[in-house]
Amino acid sequence: MDRSSTLRTLANDEVRDLVSDQASDHVADQQGTQESSTRQPGGAVNRASRDPARTSPVGTDPTSTDLASTDPASTDRRAPDEILDVDLLAFEHGSSSQRQAVTDGVMASLRTGFVYTAHDLPAGLLDDAYGVLARFFALDAEAKARCVDAESFGARGYTGPLTETAAVSERPDWKEMFNWSDLPPAGHPLRSKYGRWYRPSVFPDDNVTGAREVLTEFHRRLVDLQRRFLRVIAVAIGAHETYFDTMTAHGTHLSRAIRYPPMSSAPGGGAEGHVWADEHADINLITALPRATDRGLQVRIDGEWVAAAPPPDHVIINSGIMLEHLTNGLIRAAWHRVQADPAQTGDRLSVVQFCHPRPSTILTPLPSTVTPERPCRYEAVSAEDRLAEVIWEINLMPDARRVE
């Protein structure tokens, strides 16, 4: 049986004792992945399986930080190999002890770069959005091509397979994408000064009824959820709870639907080494993934690849490069990938939303995250400049493609 990381449910209807107690173990089968399901304090159930045979082909990533050993403020010394399940609503509406339990759980879990959270997104909205996107990806190539915005750096409309390429790879990913966003109000100075990051979205209105309305509402609800979740992180790193609110107001947030075609249809029938998405870290503050139609998402923890398997009706949150920069490495960017296993013969559909600051934001470590034990390691850089660099690294600048 795979060695398993442990998930703990924190701060649900009442504060649970965080001191370890003995409980029974059982085996669960979720999303087609064999998991060791271990009952833990607070009724927690393991949701991630380790595969010791799958190790990273890349050495230690330069953004990695051993949070368990370097965070002088941390009182939780559990091994940093646990993806935890928390409740955002308990932070927002619970007692002070519940809020603290959620905050502690988020910071402990983000040692892996990932955390699962309960949420209040309407299930019907998710159903509608995924239905719209499934209909879009079922269109023929010509119809999808009419939604291409070649000047958006892959941030609007349709992007075909074998385009986006992980910064650590020379082989493009086997996936196709549909991207959309929202705009600041007309006349807002962000639109005039940073227009290339605020292009209008391109929706398949002629082919998919209701796409614009459904996907715009989906985007706005996810932006709101991410901003609320960032308040937990703000409190945890010693900032005011609303620290990220202004930074992310009219940020360059991006919703991205990703269809991963069957690997049998990849170049060479999959024999040329392409994968759905090679290992990478996201550039933004945090990323939200509310649902996927199949397994495949994996996070690198202590050099091993762990299947991300959240409880039902939970959103996956992972940390990005900009958050690592702002926290001086206290919260590291999550290294992850998407790979089909040999038993997966179909496709996979997921939607991720990238929460970005305004492009004018100067990313510099918060004073509360700089200590004698963790001296400042990041220079100040604008969010726009850091984003542009990563866009080039992942092969999305049409006039300066790194990989053809």
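All values derive from a computational prediction rather than experimental measurement.
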**Q.** Worked check of side chain to side chain contact (heavy atoms under 4.5 Å, CB included) between W174 and L162
**A.** CA-CA 6 Å; W174 185 235; L162 302 178; 3.8 Å; yes
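- Looking at every heavy atom in both residues, Y198 comes nearest to P359 through OH-CD, 3.2 Å.
- Side chain of T345 to main chain of A343: no donor-acceptor pair is present (N/O by atom type, distance under 3.5 Å, no hydrogens or angles).
- Among Q226, Q353, M322, the single residue meeting the side chain to side chain contact (heavy atoms under 4.5 Å, CB included) criterion with I286 is Q226.
- A donor-acceptor pair is defined here as one N or O able to donate and one able to accept, closer than 3.5 Å; such a pair exists between the side chain of Q344 and the backbone of D341.
- Between A234 and H240, the closest heavy-atom pair is CB-O, 3.3 Å.
- Between C355 and R227, the closest side-chain pair of non-hydrogen atoms is not below 4.5 Å.
- When ring centroids are compared, F114 and H336 come within the 6.0 Å threshold.
- The side chain to side chain donor-acceptor pair (under 3.5 Å) analysis of residues 126-142, with sequence neighbours excluded, yields the pairs D127-R291.
- With E324 contributing its side chain and A333 its backbone, the two residues share a donor-acceptor pair below 3.5 Å.
- Contact record, R337 with A277: CB-O, 3.4 Å, taken as the closest heavy-atom pair.
- Applying the ring pair (Phe, Tyr, Trp, His ring centres under 6.0 Å) test to F136 and every residue at least two apart in sequence or in another chain returns Y158, F178.
- For the pair D224 and R228, the salt-bridge criterion is met [side-chain N within less than 4.0 Å of a carboxylate O].
- Taking both residues in full, the closest heavy atoms of N284 and T287 are given as ND2-OG1, 3.0 Å, listed atom of the first, atom of the second, then distance.
- Salt-bridge annotation for E279 and R300: present, with a side-chain N of the basic residue lying under 4.0 Å from a carboxylate O of the acidic one.
- In this structure the side chain of T159 never reaches within 4.5 angstrom of the side chain of E164, judged on heavy atoms.
- Legend: residues meeting ring pair (Phe, Tyr, Trp, His ring centres under 6.0 Å) with H253, ordered by chain and number and at least two apart, are absent.
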(Q) For Y260 and D294: C-alpha separation, side-chain torsions, deciding distance, then whether side chain to side chain contact (heavy atoms under 4.5 Å, CB included) applies. (A) CA-CA 10 Å; Y260 304 93; D294 205 349; over 6 Å; no
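- When side chains are defined from C-beta on, H119 does not count as touching L88, because their heavy atoms never get closer than 4.5 Å.
- The minimum heavy-atom distance linking N207 with R146 is given by the pair OD1-NH2, 3.7 Å.
- Contact detail for L84 and G105: the closest heavy-atom pair is CD1-O, 3.3 Å.
- For D347 (side chain) and P262 (main-chain N/O), no donor-acceptor pair under 3.5 Å exists by modelled atom type.
- With sequence neighbours left out, V275 forms a side chain to side chain contact (heavy atoms under 4.5 Å, CB included) with D278, Q339.
- Formation of a donor-acceptor pair under 3.5 Å by the H274 side chain with backbone atoms of G269 is not found in this model.
- No donor-acceptor distance shorter than 3.5 angstrom exists from the side chain of R256 to the backbone of F354, with no hydrogens or angles considered.
- Ion pairing between R386 and E389 holds under the 4.0 Å rule for side-chain N and carboxylate O.
- The closest side-chain heavy-atom distance from R377 to N328 is below 4.5 Å.
- Among residues two or more places apart in sequence or in another chain, the salt bridge (Lys or Arg N to Asp or Glu O under 4.0 Å) test is passed with E213 by none.
- The residues R231 and E241 are annotated as not salt-bridged, no charged nitrogen and carboxylate oxygen being separated by less than 4.0 angstrom.
- In terms of modelled atom types and a separation under 3.5 Å, the side chain of W276 and the main chain of G296 share no donor-acceptor contact.
- Shown here are the side chain to side chain contact (heavy atoms under 4.5 Å, CB included) partners of T364, two or more places apart in sequence or in another chain: A380.
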